[in-house]
Amino acid sequence: GENVEQHPSTLSVQEGDSAVIKCTYSDSASNYFPWYKQELGKGPQLIIDIRSNVGEKKDQRIAVTLNKTAKHFSLHITETQPEDSAVYFCAAPPWEGNKLTFGGGTRVLVKP
Amino acid sequence: EAGVAQSPRYKIIEKRQSVAFWCNPISGHATLYWYQQILGQGPKLLIQFQNNGVVDDSQLPKDRFSAERLKGVDSTLKIQPAKLEDSAVYLCASSWGGGTGADQPQHFGDGTRLSIL
């Protein structure tokens, strides 16, 4: 099955700086890579996703890049704000089967 | 649109007791998922329904966990008997169900936090 590793597990940044979280996956046929943000006491919220036919996708201060050759994808948050503080999860599906495998999560703390 | 609804939000039981969780997906979503999220970890899929049929239950501990999806809409997840290691947040998610399933955005509820004493 799919194996997804996420780094770092914690990330502390100063408000206004950028944050980058990286995930690697094992199934070279995976074709869909979502990122979720989870705030305390809430369920994961989809913030951005990318499909394997593109290398980069942006949505305001958030961007995701995909390197299929190296089997990794990254989340970039620019101009971080205190409300960006949360746990972020990446995920990837195996080519065969329907379930998403989630990374272990990155706890992001934005210091004002 | 209304999001995924789950109840109860919190549940505390003693080991060996039984417990049930309820989920109402987003209207029109054919695919429904139940995940278990242990503290400090990512969600792990327990079972996936497409309409009222099971697509994947390979990681569901079937000796104690059961789930059903009534008429392809609401779903319940039951644990009987509960063990200490079942302490976790149980998340329900839904997606519209097109394509292969996993490549469709999944929308999560806020989960039920289960504590086993």
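Convention: sequence-line order gives letters A, B, ...; per-chain numbering from 1. Model, not experiment: these values are computed from the prediction.
Looking at B:Q6, there are no atoms closer than 4.5 Å to chain A (heavy atoms on both sides), in backbone or side chain. Neither the backbone nor the side chain of A:P34 comes within less than 4.5 Å of any heavy atom of chain B. Neither the backbone nor the side chain of A:Q6 comes within contact range of chain B; no heavy atoms are under 4.5 Å apart. Neither the backbone nor the side chain of A:F33 comes within less than 4.5 Å of any heavy atom of chain B.
Between the side chains of B:S94 and B:Q106, no donor N or O sits under 3.5 Å from an acceptor N or O. One side chain, B:W34 or B:S75, offers a donor N or O that lies under 3.5 Å from an acceptor on the other. If you check the side chains of B:Q37 and A:Q38, you find a donor sitting under 3.5 Å from an acceptor.
Of all residues in residues 108-117 of chain B, those placing a non-hydrogen atom less than 4.5 angstrom from a non-hydrogen atom of chain A are B:F108, B:G109, B:D110. Among residues 104-112 of chain A, the residues having any heavy atom closer than 4.5 Å to a heavy atom of chain B are, in sequence order, A:G104. Proximity to chain B at a heavy-atom threshold of 4.5 Å picks out A:L46, A:D49, A:R51 from residues 45-83 of chain A, in numerical order.
What you find for A:S26 and A:N3 is that their closest heavy atoms are OG-N, 2.8 Å.
We find the SG-OH distance between A:C90 and A:Y25 to be 11.5 Å, quoted to the nearest 0.5 Å. With values rounded to the nearest 0.5 angstrom, A:L11 atom CG is found 10.0 Å from A:D17 atom CG. In this structure, the separation between CD on B:Q80 and NZ on B:K78 is 8.5 Å, given to the nearest 0.5 Å. Between the CD1 atom in B:I26 and the CG atom in B:L32 there is a gap of 10.5 Å [rounded to 0.5 Å].
Hydrophobic clustering (ILVMFWY, side-chain heavy atoms < 4.5 Å, transitive): B:L45 and B:I47 are in distinct clusters. Put simply, B:I79 and B:I13 are part of the same group of oily side chains (I, L, V, M, F, W, Y) that touch within less than 4.5 Å, one to the next.
Using a 4.0 Å cut-off between charged nitrogen and carboxylate oxygen, B:K15 and B:D86 do not count as a salt-bridge pair. Residues B:E14 and B:R16 are not paired through a salt bridge, judged by the lack of any N-O separation under 4.0 Å between the basic side chain and the carboxylate. Using a 4.0 Å cut-off between a side-chain N of Lys or Arg and a carboxylate O of Asp or Glu, B:R69 and B:D74 do not qualify as a salt bridge.
Residues near A:L40 contribute nothing to a hydrophobic cluster around it, because no ILVMFWY side-chain heavy atom sits closer than 4.5 Å to its side chain.
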- Item | Residues B:D57, B:K62; criterion side chain to side chain contact (heavy atoms under 4.5 Å, CB included); working and verdict | CA-CA 9 Å; B:D57 63 357; B:K62 297 180 186 65; 3.2 Å; yes
